Amino acid sequence: MTAETRKIRLLMELRSQGITDARVLSAIERTPRELFVADGMQDQAYENTALPIGLGQTISQPIVVAMMTQRLEVGDRMRVLEVGTGSGYQAAILSHLCRRVYTIERHRDLLRLAEEKFKQLGLDNITTRWGDGAKGWPEQAPFDRIIVTAAAIAVPQDLVDQLKDDGLMIVPIGQDTWNQRLLAIRRTGDTIATEAFMDVRFVPLVEGRGDERPRE
Ligand code: SAH
């Protein structure tokens, strides 16, 4: 089976699992996942599974990426903050849907690799930063949308504070890997409405930058 056939099969699977937003499906179709998975994993790039990307981190399962993206309701004039760049795959998808993506990663080596891919694909509306994304990006705040792709124990208040009025954040929350829920958090004035919509398994959101400690 060719990569193109595998991709079409995956898109059909995503559709049958509830991904109905045509803009989201088209952004996924335009983003070559094989470029973002670790070397030697290209064969599995269009399987609906999470895959390793190095330093103990993973590229999320396609259905999870698609659900989070659909639920984020991204408009083409919006500025979106992503916490946890990882491979850069989610950021690349978002770049087709909004005006600008700001993405933060604590592992400098992963960030460098992701930046190369953005360049290779000519995605010039992604701004990257090496740092602790739990603190958000105060200089660029507020954001229309925030997506967190690592699991926190509680919703980071700094991120809530950096949401625009009528802004929306998608974040996995849970005590451990086996007990996490995706939350959709909408800010309307001073009111914060929270809704859980999916069980997930993400790597933990870790405080501080990555290379201040020994390499994992
Ligand atoms: N969105 C990614 C998948 C992310 S995996 C993709 O599409 O491939 C989670 C990532 O979050 C990892 O790369 C991890 O290093 C990063 N991370 C964990 N805690 C972080 C923090 N506090 N700030 C920034 N990045 C963090």
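If you're wondering where the values come from, they're calculated on a predicted model, not measured in any experiment. As the structure lists them, so they are numbered: ligands from 1, and atoms in each ligand from 1.
- Among protein heavy atoms, the minimum distance from atom 9 (C) of ligand 1 is reached at T149 O, 3.3 Å.
- When R106, E105, Q90, K135 are ranked by how near their heavy atoms come to atom 10 (C) of ligand 1, first place goes to E105.
- Taking every heavy atom of H107 and a limit of under 4.0 angstrom, the matching atoms of ligand 1 come to 15 (O).
- Within the 4.0 Å heavy-atom shell around ligand 1 one finds E82.
- Residue D132 has at least one heavy-atom neighbour below 4.0 Å for each of these atoms of ligand 1: 21 (C), 22 (N), 23 (N).
- Looking at A150, G56, S87 and measuring to atom 8 (O) of ligand 1, the nearest heavy atom belongs to S87.
- Taking every heavy atom of both residues into account, I53 and L110 meet most closely at O-CD2, 3.8 Å.
- With 3.5 Å as the limit, one finds a donor-acceptor pair spanning the side chains of T128 and E115.
- Using bins of under 30°, 30° to 60° and over 60° for the plane-to-plane angle, the ring pair F36/F118 lands in the tilted bin.
- Annotation: cation-pi pair R33/Y89 present, NZ/CZ under 6.0 Å from the ring centroid and within 45° of its normal.
- The protein non-hydrogen atom at the shortest distance from atom 11 (O) of ligand 1 is G84 CA, 3.3 Å.
- Heavy-atom proximity to G131, at under 4.0 Å, picks out these atoms of ligand 1: 23 (N), 24 (C).
- Heavy atoms of V203 found under 4.0 angstrom from ligand 1 belong exclusively to the side chain.
- The nearest protein atom to atom 19 (N) of ligand 1, hydrogens excluded, is given as V206 N, 2.9 Å; this is a heavy-atom distance.
- Here the side chain of E207 pairs no donor or acceptor atom with the backbone of D132 at under 3.5 angstrom.
- Where the criterion is an N or O separation shorter than 3.5 Å, residue side chain and backbone included, V83 fails it with respect to ligand 1.
- Listed by number with element, the atoms of ligand 1 under 4.0 angstrom from any heavy atom of T58 are 3 (C), 4 (C), 5 (S).
- Each of the following atoms of ligand 1 lies closer than 4.0 Å to a heavy atom of Y89: 7 (O).
- Taking a cut-off of under 4.0 Å to the non-hydrogen atoms of G133, the atoms of ligand 1 that pass are 21 (C), 22 (N), 23 (N), 24 (C).
- Side-chain N or O atoms of Q57 include one that pairs as donor or acceptor with a backbone N or O of L55 at under 3.5 Å.
- Atom numbering of ligand 1 starts at 1 in the shown order; those under 4.0 Å from a heavy atom of T85 are 1 (N), 2 (C), 6 (C), 8 (O).
- Using a 4.0 Å cut-off between charged nitrogen and carboxylate oxygen, R129 and E82 do not count as a salt-bridge pair.
- Contact check on R99 versus D76 returns no salt bridge, with no Lys/Arg side-chain nitrogen under 4.0 Å from an Asp/Glu carboxylate oxygen.
- Of the N and O atoms on the side chains of D158 and Q162, not one donor lies less than 3.5 Å from an acceptor on the other residue.
- Close approach of ligand 1 to I104 is summarised as follows: ligand atoms under 4.0 Å from at least one heavy atom of the residue are 24 (C), 25 (N).
- At a heavy-atom distance under 4.0 Å, only side-chain atoms of Q57, from C-beta outward, approach ligand 1.
- No salt bridge links R6 with E34; every basic N to acidic carboxylate O contact stays at or beyond 4.0 Å.
- When non-hydrogen atoms are compared, ligand 1 lies under 4.0 Å from the backbone of P204 (N, CA, C, O) but not from its side chain.
- Contacts between V65 and ligand 1 below 4.0 angstrom, taking non-hydrogen atoms only, are absent altogether.
- With a 6.0 Å radius and a threshold of 12 heavy atoms from other residues, nucleotides or ligands, R186 has its CZ atom above the threshold.
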Show, in sequence, the C-alpha distance, side-chain angles and deciding distance for T191 and T188, and conclude whether the side-chain hydrogen bond (donor to acceptor under 3.5 Å, both in side chains) test is met.
CA-CA 5 Å; T191 309; T188 315; over 6 Å; no
